[in-house]
Amino acid sequence: MSEDDDNKLIAQRREKLTALREKGQAYPNDFRPADIARDLLDEHENRAKEYFESTEIPVSIAGRMLGKRVMGKASFAHVQDGSGKIQIFLQQGAVGDESYDEFKHLDVGDIIGVKGKLFQTNKGELTIKASSFRLLTKSLRPLPEKFHGLTDTEQRYRQRYVDLIINNEAREVFKTRVAIVKYIREFFNSRSYLEVETPMMQVIPGGATARPFVTHHNALDMDLFLRIAPELYLKRLVVGGFDRVFEINRNFRNEGLSTRHNPEFTMLEFYQAYADYNDFMNLTEELLREIAENVIGSTSIKSADGETTYDFSKPFARMTMAESIAQFNADIYADDLNNLEALRSIAERKGAKVQDNWGVGKLQTEVFEATVEHRLLDPTFITAYPAEVSPLARRNDKDPHVTDRFEFFVGGREIANGFSELNDSEDQAARFREQVAHLDAGDDEAMHYDADYVRALEFGLPPTAGEGIGIDRLVMMFTGAPSIRDVILFPHMRPEA
RNA sequence: GGGAGCGUAGCUCAAUUGGCAGAGCAACCGGCUUUUAACCGGUAGGUUGCGGGAUCGUUGCCCGCUGCUCCCA
C-alpha cells in the first residue's frame, strides 16, 4: 500500500490531533485503569438496579470507544478493552461543559480512559456513569460500519487489527485457539511429558514428505532448510533418555495455498517410550474428547457449513485402510487391493493418481484418499497404513507390508498422524535408501538419507509411539472455521498492489 | 498450474440495453439528559483495482495485468 492514502476523514482527524498537540502531550501514558470490563460485568451485571443507588462502586477503565450516541446533554458509548466491553454514560452536568464538548468531538475508535461509578440503565444494562474521561490515543482512521462490521475477507486477513477491533467472532476464534493450545500443554505436562524446542533450521529437512523452504547461512556459506517437521529431532531426544517429549511449534512447507494450507503452520508432536500406536489412539481420543468437553463445552461439534455435527461423545471408530476402502466401495474386492495390476485399474477407474513406479501400498493409499477420506465425518481412526508410504513407522508384526500407524479424521479431514516408531536402525537405513531412490527419480518430496538419525537409532531408540496433530486444522474443526486463514492471526497473503 | 466469480465513497451495498455514479452507516454543522443499528434536519464525500483498446459516449463491451474468493491439480 502507499504511504499517502489519506482521505478527507483522516485529514479531519489529523486536524484534531494537531489541536491536541498544541494543548500539550497528545499521547499521554499515565492513565492506569483499575478495572476491566469482563470483571465488572461478571461481578455486578446481575445486581438489582436499586443496589447501585445505595452502594457507590467507583471504577476506572480504559479502552477503545465504540458506538458513540450523543443525545444533547447526555451521551452513551461503549468502551472495549482486552476482556470485553462495557457501556459508559456521560452527562454534561457531571463532567463539566468543556469536557463534555470535548467528548462530543471524539471519534469512534479513539482510545479513552474513564473514571466513574457503576449504575444500571432503565434498559437494565450495567453502565459506568462517568465523572471524568481522558483521550489517551487519537485514532486517525475510521473504523468499518458498526452494523455489518468488516466482511471483506481480504481486508480482514490483511488488516487483522481491524478485524479484531470490530468482529467479535474473530476475537472469539483466536481466544478459543489459545485455550485449546493451553489445554493441550497442560494435558501433556500433567502426564510428565517435557516440552522441548528443536531446530527450525535444519541441514537435512526430515520427518515428513514435503518440499522445504531453503535459506542460506552466510558465515558457514551453506544452505539450510526450514523444517517440515520436528520428528527426527524429537526421537533423538527419546534416544537421549527423555522418555516423554512434546513440542508445539511452527513447520514450513513450500506448497500451494488453500483453505487448508498455509506455508507456515503449527504442529503438535509428542513421543512416549514404551508405548505403541494403540496407546496413542486411546490418548488422542481422551485428549480430543476433553478439549470438546472442557474448552468448547460440548461433545457435538458443528461443521463449518453448520449442517452437520460430529459426535465426540461415543468411542471413535477404528478400521484399517483396507477395511475402509471395502466399506465405501462396494465394487472393490478385498483381494484386488493386493494385486498390483487389478489395483492399478481400480485406481484409474476411481480417478486416483497412478504412476508406473508406484507399488501396491502407494496405490492403495491413493484409492483411499480418492474414495474414503472425505467421507470420514464422525471421529475415525484409520490404521494399517502401507509401509511404502510410511518410511518412519514400525512394521506390523503379522503383516510386514503395513505399519503400526493410524491417521485420525473428522469431517473428512486429516487431523492427526501417529505410529509406533521404527526403531530398527537397519530397516530405517533401508527405508531411507528407498526414499533417496525416489528423490533421485525426481520426486522432490521424498526424504533424504539422514545418517546422524540412523546413528542415533543405532545407539538404541526404545520402543516408542509418536504422533503429530495439526493445530490449525484442529482449531478449524473445533471452531467451525471454513478456512485456515480464519484461525491464523496473520495468514500468508500476496503483497498488496 | 487450470477453471469460474468478484474488485464502485472510510465501511456495507445499489446503478435498467452502453446515456448526469446513488443509498444507509461513519464524518461535518444544528437539535435532543437513560440510548444501544438511538432519533430528526442540513452539508460534504468518487482516478468505479491498474493499464491499453473499441465507441459520439463506458462502472458496464474487448485485451493484458493485479489482488481476493471458490472449485480442480
> In terms of side-chain heavy atoms of A74(A), which of rC68(B), rU36(B), rU33(B) is nearest?
Replying inline: rU33(B)

> Using the C1' atom in both, what is the distance from rG24(B) to rA37(B), to the nearest Å?
Replying inline: 10 Å

>> For F419(A) together with F406(A), are the ring centres under 6.0 Å from each other?
In response: no

> NA contact type, Y100(A), heavy-atom cut-off 4.0 Å: base, sugar-phosphate, or nothing?
Replying inline: nothing

> Between rC28(B) and rA15(B), how far is it from one P atom to the other, in whole Å?
Replying inline: 31 Å

> Using atom P of each nucleotide, how far apart are rA21(B) and rC25(B) to the nearest Å?
Replying inline: 24 Å

> Which nucleotide in the set rC68(B), rA38(B), rU33(B) lies at the smallest distance from any side-chain heavy atom of M71(A)?
Replying inline: rA38(B)

> Expressed in whole Å, how much space separates the P atoms belonging to rU55(B) and rU12(B)?
Replying inline: 37 Å

>> Going by purine N1 to pyrimidine N3 plus the second Watson-Crick contact, or the G-U wobble pair, all under 3.5 Å, which nucleotide sits opposite rU47(B)?
In response: none

>> Please name the nucleotide paired to rG1(B) by Watson-Crick or G-U wobble geometry with both distances under 3.5 Å, or report none.
In response: rC72(B)

>> How many whole angstroms separate atom NZ of K123(A) from atom C1' of rA38(B)?
In response: 9 Å

> In the strands shown, is rG57(B) matched to any nucleotide by a Watson-Crick or G-U wobble pair with both distances under 3.5 Å, and which?
Replying inline: none

> Does OP1 or OP2 of rA26(B) have a side-chain N or O of R141(A) closer than 4.0 Å?
Replying inline: no

> NZ of K85(A) versus P of rU36(B): gap in Å, rounded?
Replying inline: 15 Å

>> What's K16(A) touching, base or sugar-phosphate or nothing? Going by heavy atoms closer than 4.0 Å.
In response: sugar-phosphate

> Would you call the rings of F225(A) and H448(A) parallel, tilted or perpendicular if under 30° counts as parallel and over 60° as perpendicular?
Replying inline: tilted

> Between rA27(B), rU12(B), rU34(B), which one does the side chain of L9(A) approach most closely?
Replying inline: rA27(B)

> In whole Å, what is the span from the NE2 atom of H105(A) to the P atom of rC29(B)?
Replying inline: 4 Å

> Looking across every strand, which nucleic acid part, if any, lies under 4.0 Å from Q87(A) by heavy atom: base, sugar-phosphate, or nothing?
Replying inline: base

> Checking only heavy atoms, does the side chain of T121(A) share a donor-acceptor pair with the base of rU35(B) at less than 3.5 Å?
Replying inline: yes

> Of the candidate nucleotides rU69(B), rU12(B), rC25(B), which contains the atom at the shortest distance from the side chain of K146(A)?
Replying inline: rC25(B)

> Of H148(A) and G72(A), whose nearest nucleotide on RNA chain B comes first from the 5' end?
Replying inline: H148(A)

>> By nearest atom, which of the nucleotides rU36(B), rC68(B), rC28(B) is closest to the R69(A) side chain?
In response: rU36(B)

>> With rounding to the closest Å, how many angstrom separate the C1' atoms on rG57(B) and rC61(B)?
In response: 13 Å

> Paired with rG41(B) by Watson-Crick or G-U wobble geometry, both distances under 3.5 Å: which nucleotide is it?
Replying inline: rC29(B)

> Which nucleotide in the list rC32(B), rC68(B), rU12(B) gets nearest to the side chain of K73(A)?
Replying inline: rC32(B)

>> If the test is salt bridge (Lys or Arg N to Asp or Glu O under 4.0 Å), which one of R260(A), R177(A), R250(A) qualifies with D472(A)?
In response: R177(A)

> Looking for any heavy atom pair under 4.0 Å, which part of the strands does G149(A) touch: base, sugar-phosphate only, or nothing?
Replying inline: sugar-phosphate

>> Here's a test for you: under ring-ring contact (aromatic ring centres under 6.0 Å, His included), which of F368(A), Y310(A), F316(A) qualifies with F409(A)?
In response: F368(A)

> Taking the C1' atom of each, how far is rG7(B) from rG46(B), in whole Å?
Replying inline: 15 Å

> Would you say S60(A)'s side chain and K115(A)'s backbone share a donor-acceptor pair under 3.5 angstrom?
Replying inline: no

>> Nearest heavy atom decides the nucleotide; on that basis, is V108(A) or T259(A) closer to the 5' end of RNA chain B?
In response: V108(A)

> Watson-Crick or G-U wobble partner for rU17(B), using a 3.5 Å limit on both distances?
Replying inline: none

> Is the closest side-chain donor-acceptor distance between S75(A) and Y100(A) under 3.5 Å?
Replying inline: yes

>> Does the plane of the ring in H44(A) sit parallel, tilted or perpendicular to the ring in F52(A)? Use 30° and 60° as the thresholds.
In response: perpendicular

>> Considering every strand and a 4.0 Å limit on heavy-atom distances, what is the contact class for S75(A): base, sugar-phosphate, or nothing?
In response: nothing

>> From C-beta outward on Y157(A), which listed nucleotide comes closest to its side chain: rG10(B), rU69(B), rU34(B)?
In response: rU69(B)

>> My understanding is that a pair needs two contacts under 3.5 Å, Watson-Crick or G-U wobble. By that rule, which nucleotide pairs with rG7(B)?
In response: rU66(B)

> If you look at every strand shown and take non-hydrogen atoms under 4.0 Å, does L150(A) touch a base, only sugar-phosphate, or nothing?
Replying inline: sugar-phosphate

> What's the NE2-C1' distance between H492(A) and rC68(B), to the nearest Å?
Replying inline: 14 Å

>> Distance check needed: rU36(B) P versus I88(A) CD1, whole Å only.
In response: 16 Å

>> If I pick the C1' atom on rA14(B) and the same atom on rC32(B), what distance separates them, to the nearest angstrom?
In response: 32 Å

> For E145(A) and rA23(B), what is the distance between atoms CD and P respectively, to the nearest whole Å?
Replying inline: 16 Å

> Taking the C1' atom of each, how far is rG42(B) from rU36(B), in whole Å?
Replying inline: 25 Å

>> Taking any heavy-atom pair under 4.0 Å as a contact, classify E154(A): base, sugar-phosphate, or nothing.
In response: sugar-phosphate

>> Rounded to whole Å, please give me the gap between NE2 in H261(A) and C1' in rG1(B).
In response: 15 Å

>> Tell me whether the side-chain N/O atoms of Q155(A) come closer than 4.0 Å to OP1 or OP2 in rC68(B).
In response: no

> Rounded to whole angstroms, how far apart are CG on D152(A) and P on rU69(B)?
Replying inline: 10 Å

> With sugar-phosphate meaning primed atoms plus P, OP1 and OP2, does R494(A) contact a base, only sugar-phosphate, or nothing at under 4.0 Å between heavy atoms?
Replying inline: sugar-phosphate

>> Just by distance, no angles: are the side chains of R160(A) and Q155(A) close enough, under 3.5 Å, to form a donor-acceptor pair?
In response: no

>> Suppose we define a pair by two distances each less than 3.5 Å, Watson-Crick or G-U wobble; what does rU36(B) pair with here?
In response: none

> With no angle test and no hydrogens, is the base of rU34(B) tied to the side chain of E125(A) by a donor-acceptor pair under 3.5 Å?
Replying inline: no

> With sugar-phosphate meaning primed atoms plus P, OP1 and OP2, does R156(A) contact a base, only sugar-phosphate, or nothing at under 4.0 Å between heavy atoms?
Replying inline: nothing

> Is it true that E15(A) and R13(A) have a side-chain N and a carboxylate O under 4.0 angstrom from each other?
Replying inline: no

